[in-house]
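Presented below is the structure to which this report refers.
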Amino acid sequence: MIKTLAAQIKEFKKASVITPVFMILEVIFETLIPFLMASIIDDGVEAGNMRHIYVIGAFMIVAALCGLLCGVMGGRFGARASTGFARNLRQAMFENIQTFSFSNLDKFSTAGLVTRLTTDVTNVQNAYQMLLRMAFRAPVSMICAMTMAFMINARLASVYLIAVCLLAVVLVFIIRGAMKYFQQAFPKYDALNASVQENVSAIRVVKAYVREDYETDKLKKASQAIYDIFTKAESQVVLNMPVMQLTVYICIMLISWLGAKQIVNSTLTTGELMSLLTYCMNILSSLMMLSMIFVMLTMSEASAERICEVLNEKSDLTNPESPIYEVPNGEIVFEHVDFSYHKDGCKPILQDINLRIQPGETVGIIGGTGSSKTSLVNLISRLYDVTEGTVKVGGHDVRDYDMDSLRNQVAVVLQKNVLFSGTILENLRWGDGDATEEECRRACRLACADEFVEKMPQGYHTFIEQGGANVSGGQKQRLCIARALLKKPRVLILDDSTSAVDTATDAKIRKAFAEEIPDTTKLIIAQRISSVQHADHIIVLENGQINGYGTHEELVENNEIYREVFESQTGGSGDFDEKAGEA
């Protein structure tokens, strides 16, 4: 874990080294001040030597200013190192997330990833800054103060040593008690973030079903869980201060009592007693700092482990050593393909799939909910790898291609359509960053999106809200289709992506595809027979297996499932899932 995190310090190594140096220098200058003060009292005030007072006073001012300067520089470099470290952690996690396959992403919740990038990184950042500054300052300050105290009077200094040992034992028990609660606390943030994320993204549904009170109660429970854990943890940590204060007061009383006796016996001077009392505060406050460092490190340990989980996660999809960068054509071949999301021996959700789709063909795919239609097409663009068998595109195994090159030539309009904050043109150019406005307009005409875009006040420069909140479901689908077309792909996959458009617009889109991109292989997943009945071939999937394959006419005549669905839809008495379920 330490090695993984340390790799992200990178260009801030210099600041990370300089910070402790300045903190140690600050401690040295601070330690000199009580010693110089004792000299002023004993050799200046009591002896009536004003020159000595001025000289030593000047040295004290210089030491104080040097300590102040070192403290400021230590704080400055410490802040630079810790914030830079946090920036690199976020960058590294985000970059690694971009390499994840869908199966990698399935291991983490969206809320969990957000928490890791925000709350967990902030915890580690604070711990790192404290580590650079206080973790060096506190022990050095304690050692220096203890050394000076023993140099002044070993007998009285032994009081500090005993107090430090006893206090250290007490603090260990306090920290151990708090540690278990802090380890439980930060994963609770995932539930809190998940509640907020779901509520905001689905606010229309919440309001439509009048579930505001339910959502508020759910958030309260998530917040209360965090509150309860932190309350238990802080109830342990808060014992630090009273224990520390009690120890300080006892030490002051003992030093004052024993020191007064030695002053009377002329074995200790007044100035030395003042120095010992000052060093008492230095020693015990340093121990207090160390206890807080342990608490902070304990708090950040759970966060660090969660960050490392993301950083160490390796994509299970990788490029071959000598990848193919050119997809020759849109031919698609499935050879005895089995697929399962889990590699633990469970039953495959796709079983023994054998298909051959010629370049430029239009193929429809229908099947009931859970028949693995989306899983089938996800294998073509290698969003997942097959468990058994081979998927080929353009005559080559998809695992032999450079993944970026393959996915640029296999455009997928996913089942969940997503638009990003920005103008319509900016969203369209996700398909081709260099596309001209005229090319974007042409893609919209093919997707029948120009009908509504040109009616908008700012046309193609209209701003799309986050998630496409200011366009309808059908408009969002058509913009996503246009975006995919701008890639000029060899293969175009429409995963139920015309479900929100009317049948007339659906027919126009299919006609435009046939006329404008005849060489592109088109796979259309649909629930409506009308969306696929004019395809060259239609695949009927049932329980992860091919139940039927042929033209519309052939399937109506030979496939019972397809015929029942066709009759139910043309008769207006049901939908695909209903009839397929009966079958």
Side-chain angles (χ1 to χ4, degrees), residues 98-108 313-359 361 363-416 484 489-496 521-525 537-549:
Q98 302 309 302
T99 69
F100 287 178
S101 67
F102 280 17
S103 58
N104 293 117
L105 289 170
D106 290 342
K107 298 177 183 179
F108 303 95
E313 180 74 16
K314 301 298 181 186
S315 175
D316 52 15
L317 300 182
T318 57
N319 277 336
E321 290 185 6
S322 300
I324 301 170
Y325 291 94
E326 186 67 32
V327 180
N329 55 57
E331 181 189 36
I332 301 170
V333 177
F334 282 71
E335 296 179 348
H336 302 289
V337 168
D338 287 357
F339 173 69
S340 175
Y341 286 105
H342 303 286
K343 314 299 181 185
D344 54 3
C346 60
K347 183 179 178 181
I349 61 170
L350 287 172
Q351 301 175 57
D352 197 29
I353 302 296
N354 289 281
L355 278 174
R356 181 175 294 273
I357 300 171
Q358 298 299 325
E361 271 194 318
V363 175
I365 304 174
I366 66 171
T369 301
S371 61
S372 304
K373 304 184 295 296
T374 298
S375 300
L376 178 75
V377 298
N378 281 343
L379 300 177
I380 299 171
S381 55
R382 206 188 170 198
L383 298 177
Y384 292 94
D385 267 344
V386 298
T387 305
E388 298 288 343
T390 305
V391 177
K392 294 181 179 180
V393 175
H396 300 283
D397 191 322
V398 293
R399 290 169 289 195
D400 294 334
Y401 283 107
D402 171 74
M403 282 191 289
D404 289 346
S405 300
L406 174 66
R407 290 170 184 172
N408 275 327
Q409 291 300 318
V410 181
V412 183
V413 183
L414 296 171
Q415 198 169 16
K416 294 182 179 179
R490 301 285 190 188
V491 178
L492 175 63
I493 299 171
L494 304 180
D495 187 356
D496 205 17
T521 304
K522 297 165 282 292
L523 277 71
I524 304 172
I525 296 176
H537 294 95
I538 301 169
I539 301 167
V540 180
L541 279 179
E542 184 184 32
N543 297 324
Q545 295 179 310
I546 296 178
N547 182 273
Y549 181 80

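Positions are given from 1, in the same order as the sequence printed here.
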Arg356 bridged to Glu331 by N-O distance under 4.0 Å: yes

Aromatic ring pairing Phe100/Phe108, orientation class (parallel under 30°, perpendicular over 60°, tilted between): parallel

Is it true that a side-chain atom of [X] and a backbone atom of [Y] form a donor plus acceptor pair closer than 3.5 Å?
| X | Y | value |
| --- | --- | --- |
| Asp338 | Asp352 | yes |
| Lys373 | Gly368 | yes |
| Arg382 | Leu406 | no |
| Asn408 | Ser405 | no |
| Asp402 | Asn319 | no |
| Asn329 | Arg490 | no |
| Ser372 | Leu350 | no |

Side chain to side chain donor-acceptor pair (under 3.5 Å) partners of Ser381, counting only residues at least two apart: none

Side chain to side chain donor-acceptor pair (under 3.5 Å) involving Asn378 - partner list, sequence neighbours excluded: none

Note, Phe334 side chain near Ile380 side chain (heavy atom, < 4.5 Å): yes

Validation row: Leu523, Ile365 side chains within 4.5 angstrom (heavy atoms): yes

Quiz: residues 388-401 side-chain donor-acceptor pairs under 3.5 angstrom, not counting sequence neighbours:
unit_1: Asp397; atom_1: OD1; unit_2: Arg399; atom_2: N; d: 2.9
unit_1: Asp397; atom_1: OD1; unit_2: Arg399; atom_2: NE; d: 3.3
unit_1: Asp397; atom_1: OD2; unit_2: Arg399; atom_2: NE; d: 3.4
unit_1: Asp397; atom_1: OD2; unit_2: Arg399; atom_2: NH2; d: 3.1
unit_1: Arg399; atom_1: NH2; unit_2: Gly389; atom_2: O; d: 3.2
unit_1: Tyr401; atom_1: OH; unit_2: Val393; atom_2: O; d: 2.6

